[in-house]
Amino acid sequence: MSKYSNLVEEIDKQEEVKEQKANLDNELQLLKQAISNLHDSIQKVEKARKDGTDMVIAMKAATDSMDMAVFAFCRAVTRAEATVLKVEITDECLNTIQTAREKLIQAETELLASHRRLQLQGLRNQNEEIMSFIKSCQGVFLSPKVFWWWAGISYVTSLYSLWCLLQMVLQWLKY
């Protein structure tokens with residue numbers, strides 16, 4: 001049986017070798033994939049570095065451009081401030097302005113007069129309504145403020161009168 005055992009051992013060894021070979025092939029494939037992924041990542045990092053450098057250059061150019069725009073704007077404002085304008089008003093322009101001013105004054109005068117008439121008419125109507133109200137009522141018409149003043153004074157006077165009467169009765173009972 002030793003021959004048979006040797007054959008079985010040899011077959012087992014060959015099977016182990018095949019398994020190890022398959023495992024090594026799998027590991028080799030994984031290693032190749034990892035190397036490929038690493039190579040792609042390196043390329044992406046280099047591209048990103050280049051793009052970042054390009055963006056920094058573009059930002060510096062944009063900053064310089066904006067500085068120049070601000071400088072040009074300030075310079076234009078300074079020049080505009082120093083510009084002397086000469087304006088000539090012709091007689092026709094002056095007449096147009098004066099005519100427009102007179103029309104405005106006339107319109108405002110008419111508006112104020114109309115407003116005054118409406119206010120006076122409103123006051124007259126209100127006065128007539130109050131007079132008709134007072135004439136139609138019997139007795140004395142007092143505003144609420146005046147009524148409450150009179151009521152308060154009357155109340156205080158009546159209290160004082162009662163107090164004085166009470167004092168007199170007490171004096172009379174003592175004697």
Side-chain angles (χ1 to χ4, degrees), residues 36-175:
S36 175
N37 289 344
L38 184 61
H39 183 64
D40 288 345
S41 297
I42 289 172
Q43 286 178 347
K44 288 178 183 176
V45 166
E46 285 194 15
K47 185 179 182 304
R49 181 193 56 81
K50 184 180 178 286
D51 289 346
T53 303
D54 292 344
M55 283 194 293
V56 168
I57 291 170
M59 288 299 286
K60 285 181 181 176
T63 302
D64 292 343
S65 176
M66 287 305 295
D67 288 344
M68 287 303 295
V70 169
F71 175 74
F73 179 75
C74 290
R75 189 170 172 200
V77 168
T78 304
R79 284 185 179 173
E81 286 176 349
T83 303
V84 176
L85 295 177
K86 269 191 168 180
V87 179
E88 290 183 24
I89 297 179
T90 62
D91 290 338
E92 183 180 328
C93 292
L94 189 59
N95 288 336
T96 304
I97 292 171
Q98 286 176 344
T99 304
R101 181 173 171 260
E102 289 171 2
K103 285 181 182 177
L104 177 65
I105 290 171
Q106 182 64 33
E108 288 292 321
T109 304
E110 290 172 6
L111 179 66
L112 286 173
S114 171
H115 181 70
R116 282 188 191 117
R117 278 192 307 272
L118 290 174
Q119 290 295 318
L120 286 174
Q121 185 61 39
L123 288 172
R124 284 186 194 117
N125 291 342
Q126 187 178 19
N127 191 19
E128 288 174 9
E129 288 176 14
I130 290 173
M131 292 304 286
S132 68
F133 179 72
I134 290 174
K135 286 179 184 178
S136 68
C137 293
Q138 294 180 351
V140 178
F141 176 75
L142 297 175
S143 71
K145 188 175 184 180
V146 172
F147 171 78
W148 287 112
W149 270 100
W150 278 104
I153 291 170
S154 300
Y155 179 71
V156 169
T157 305
S158 63
L159 285 178
Y160 181 70
S161 298
L162 285 174
W163 184 74
C164 287
L165 284 173
L166 183 64
Q167 291 296 322
M168 284 176 33
V169 168
L170 286 175
Q171 287 294 329
W172 183 67
L173 288 175
K174 278 186 181 180
Y175 294 112

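Because the structure is predicted, anything quoted here is derived from the model rather than measured.
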### Message
As an exercise, state the distance from CZ of Arg117 to CG of Leu112, rounded to the nearest 0.5 Å.
### Response
11.0 Å

### Query
Roughly how far, to the nearest 0.5 Å, is the CE atom of Met168 from the CG atom of Leu173?
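Reported to 0.5 Å precision, the distance equals 12.0 Å.
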
Does atom [atom1] ([X]) have a neighbourhood of more than 12 heavy atoms from anything else shown, all under 6.0 Å?
X: Asn127; atom1: CG; value: yes
X: Ile89; atom1: CD1; value: no
X: Gln171; atom1: CD; value: yes

Under the rule for side chain to side chain contact (heavy atoms under 4.5 Å, CB included), what residues qualify as partners of [X], not counting sequence neighbours?
X: Leu118; result: Ser114
X: Gln121; result: Arg124, Asn125
X: Thr109; result: Ile105
X: Ile130; result: Gln126, Ile134

#### Entry: Sequence neighbours excluded - side chain to side chain donor-acceptor pair (under 3.5 Å) pairs with any residue from residues 93-108
Gln106-Glu110

Could you work out, with salt bridge (charged side-chain N to carboxylate O under 4.0 Å, His left out) as the rule, every residue matching [X], not counting sequence neighbours?
X: Asp40; answer: none
X: Asp51; answer: Lys47
X: Lys50; answer: Asp54

### Task
Taking side chain to side chain donor-acceptor pair (under 3.5 Å) as the test, write out the residues that go with His39, two or more places apart.
Gln43

### Message
Can you list everything that forms a side chain to side chain donor-acceptor pair (under 3.5 Å) with Asn37? Sequence neighbours excluded, please.
### Response
Gln33

Donor-acceptor contacts, no H, no angles, side chain residues 55-75, under 3.5 Å, sequence neighbours left out:
from, atom 1, to, atom 2, distance (Å)
Thr63, OG1, Met59, O, 2.8

Just list the side-chain donor-acceptor pairs under 3.5 Å for residues 152-161, sequence neighbours left out, or say none.
from, atom 1, to, atom 2, distance (Å)
Ser154, OG, Trp150, O, 2.8
Thr157, OG1, Ile153, O, 2.7
Ser158, OG, Ser154, O, 3.3
Ser158, OG, Tyr155, O, 2.7
Ser161, OG, Thr157, O, 3.0

